[in-house]
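For reference, the structure is listed below as structure tokens.
Residue numbering restarts at 1 for every chain, and letters A, B, ... go by the order of the sequence lines. Below, each value reflects all heavy atoms present in this structure, side chains not excepted, and no hydrogens, waters or symmetry copies.
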Amino acid sequence: MSFETLPGFRAFYPENAAKRAAIFGLWRAAASSFNFLEYDAPVLESLELYIEKSGEEIVGQLFHFEDRGGRTVALRPEMTPSLARLVGAKANSLKRPIKWFNIGEHYRYERPQKGRLRAFYQFNADILGESSAAADAELMTLLVHALKGFGLDATDFKLRLSDRDLWLFLLQAEGLDSTISLAVLSIIDKLERTQREKTIEELTSVMGESAVAFMAKVETLVAIRDFPALEKYFSRLALEKPLAELIEARLAEWRFLLKALENSGVSEFVEIDFGIVRGLAYYTGFVFEAFEASGEGRALAGGGRYDDLVGKLGSQSMPAVGFAMGDVTLGDLLEKKGLLAVAESSPDFILIIGGEAERAQALSDASALRAAGYSVEYPLKELAFGKQFKEANQRGARFAIVYGSDELEKGVLKVRDLTAGEETDYPRENLIELAKSLYGKVSK
RNA sequence: GUGGCUGUAGCUCAGUUGGUUAGAGCACCGGAUUGUGAUUCCGGGGGUCGCGGGUUCGAGUCCCGUUAGCCACCCCA
């Protein structure tokens with residue numbers, strides 16, 4: 001019988017665990033510098049929670065089972081429902097705006113492929129209780145800041161910004177009701193990956209003969225990359241009064257958002273792109289996705305405003321905006337750019353032990369050094385001196401301290417600088433002072 | 001759920017028209033070397049050739065099935 005890691009899951013040998021820790025560390029650092037607070041929620045939740053948010057179709061893509069108490073439960077496929085549940089339960093006592101983040105593993109029962117596994121980590125950041133676009137701007141700034149933290153710049157990734165409100169206004173102008181609108185948005189979401197004729201065919205099936213003319217409007221909108229062009233686009237539609245006013249109010253929101261992004265210094269990362277509508281229907285305003293600048297690969301991160309979800313999953317409604325960034329696509333990109341070089345950890349000191357008689361002193365010194373904050377290693381079995389030095393060198397230790405019969409008799413600490421290849425005898429008594437002075441001289 | 005490609009040691013791979021006991025490099029462990037690091041030399045462990053079936057005197061090699069991985073589609077919260 002042999003056992004392997006399950007499909008879509010990963011085992012983290014030390015090298016990869018170190019990379020994962022590096023990613024988590026930078027996520028956490030970014031969140032902290034924006035003063036987001038870390039929270040966590042159970043990995044296992046009621047299956048109903050996800051059905052409530054996403055519909056019955058979601059069940060086929062979850063790891064789910066019935067527990068021994070007869071509860072139907074699922075491993076979390078995403079963080080947002082748990083967050084909404086937590087916030088909803090204490091909505092009245094939480095100081096707003098609520099700025100929270102989480103780093104956690106998520107599970108989806110899907111076919112693994114490039115950039116997509118069955119178990120993956122996500123960095124989730126959300127601002128709840130603030131409906132102004134200032135929150136959207138702050139969150140998008142955090143997203144850019146987090147990616148920059150990895151050494152990525154504007155030539156590496158872009159934030160593609162879109163707006164479901166404007167989309168819905170446009171669809172209203174076409175006279176489509178909300179059900180048809182959602183179907184149309186779902187078709188538009190696939191625009192990039194679908195042949196033009198196929199798209200027209202699908203549009204025709206939901207909205208009839210007007211599809212061809214509508215397609216032209218869509219293509220114009222989707223090609224827009226700057227705000228003046230966007231304003232011009234909507235003014236040229238020459239719409240009737242109530243809708244025109246709604247659109248003008250929305251464009252004012254846009255101006256506010258873009259100004260805030262500019263002031264935060266992240267404009268160069270942001271691109272208007274109405275090709276982004278995000279799959280599921282619960283987004284209610286600005287939506288955005290971070291992509292590799294080359295356009296390759298899956299989204300590095302995605303998010304947007306979801307003002308109705310908290311109310312749907314709890315008793316209180318609350319405006320909210322958030323994003324999630326996965327470790328898989330990000331890791332692929334960092335690997336490709338050579339930004340995931342993690343140095344193998346090496347000890348500050350390696351103790352060279354002559355024999356069992358000298359081991360007692362070595363162990364005692366190791367404890368003292370460790371208590372003082374140094375990382376210390378020594379061989380667990382008796383080895384020839386030559387072997388031990390070879391080992392010390394391979395482990396990348398900076399200093400070796402020699403515990404032989406001679407040194408103990410003379411009462412000296414013999415320290416070998418493994419980089420310089422020099423040995424020096426120091427008086428025995430000041431072990432910690434010695435360590436400090438050695439590492440004061442060489443940069444640790 | 002659909003399709004394409006690929007499975008030989010921990011890793012990268014070789015393996016002839018089907019032919020005897022399946023190989024190399026790297027990595028790992030030990031020795032040469034009982035007080036000083038590279039290199040070198042010697043030795044060792046590690047394989048049900050993904051799995052099952054078929055054809056054949058004989059299969060890592062050919063055929064069928066299956067499974068896993070990768071990639072694309074579907075989906076993408």
Considering every strand and a 4.0 Å limit on heavy-atom distances, what is the contact class for [X]: base, sugar-phosphate, or nothing?
X	value
A/Lys414	base
A/Glu358	nothing
A/Glu423	base
A/Pro7	sugar-phosphate

So if I apply the side-chain contact (heavy atoms from CB on, under 4.5 Å) rule between A/Glu358 and each of A/Leu408, A/Leu351, A/Leu363, which one comes out positive?
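Filter result, single survivor: A/Leu408.
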With distance as the sole criterion, do the side chain of A/Gln113 and the base of B/G69 form a donor-acceptor contact below 3.5 Å?
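No.
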For atom [atom1] of [X] and atom [atom2] of [N], their distance in whole Å:
X	N	atom1	atom2	answer
A/Arg85	B/A77	CZ	P	22 Å
A/His64	B/A77	NE2	C1'	16 Å
A/Arg298	B/C71	CZ	P	9 Å
A/Leu418	B/U36	CG	P	15 Å
A/Glu57	B/A77	CD	C1'	11 Å
A/Arg116	B/C75	CZ	C1'	6 Å
A/Lys381	B/G31	NZ	C1'	12 Å
A/Arg111	B/A72	CZ	C1'	11 Å

Starting the side chain at C-beta, find the nucleotide from [options] nearest to [X].
X	options	answer
A/Asn393	B/G31, B/G37, B/A77	B/G37
A/Gln61	B/G35, B/C76, B/A77	B/A77
A/Val402	B/U34, B/A68, B/G35	B/G35

Separation between the P atoms of B/C62 and B/G18, rounded to whole Å
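Their P atoms lie roughly 8 Å apart.
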P atom, B/G1 versus B/U12: distance in rounded Å?
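To the nearest whole Å, 28 Å.
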For A/Tyr109, does the OH atom have more than 12 heavy-atom neighbours from other residues, nucleotides or ligands under 6.0 Å away?
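Result for OH/A/Tyr109: open.
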Quick check: does any side chain N or O of A/Glu202 sit under 3.5 Å from a backbone N or O of A/Thr199, one acting as donor and the other as acceptor?
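Flag not set: sc A/Glu202 to bb A/Thr199 has no pair under 3.5 Å.
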Give a yes/no verdict on a cation-pi contact between A/Arg250 and A/Phe286, requiring under 6.0 Å between NZ or CZ and the six-membered ring centre and an angle within 45° of the axis.
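That pair qualifies as a cation-pi contact.
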For a quick check under 3.5 Å, do A/Glu48 and A/Ser46 share a side-chain donor-acceptor pair by atom type?
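No, A/Ser46 and A/Glu48 have no side-chain donor paired with an acceptor closer than 3.5 Å.
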For B/G35, is there a stacking contact with A/Phe385, counting only centres under 5.5 Å and planes under 30°?
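Yes; by the centre-distance and plane-angle rule, A/Phe385 counts as stacking on B/G35.
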What is the base-pairing partner of B/U16, counting Watson-Crick and G-U wobble geometry with both distances under 3.5 Å?
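With both distances under 3.5 Å required, B/U16 matches none.
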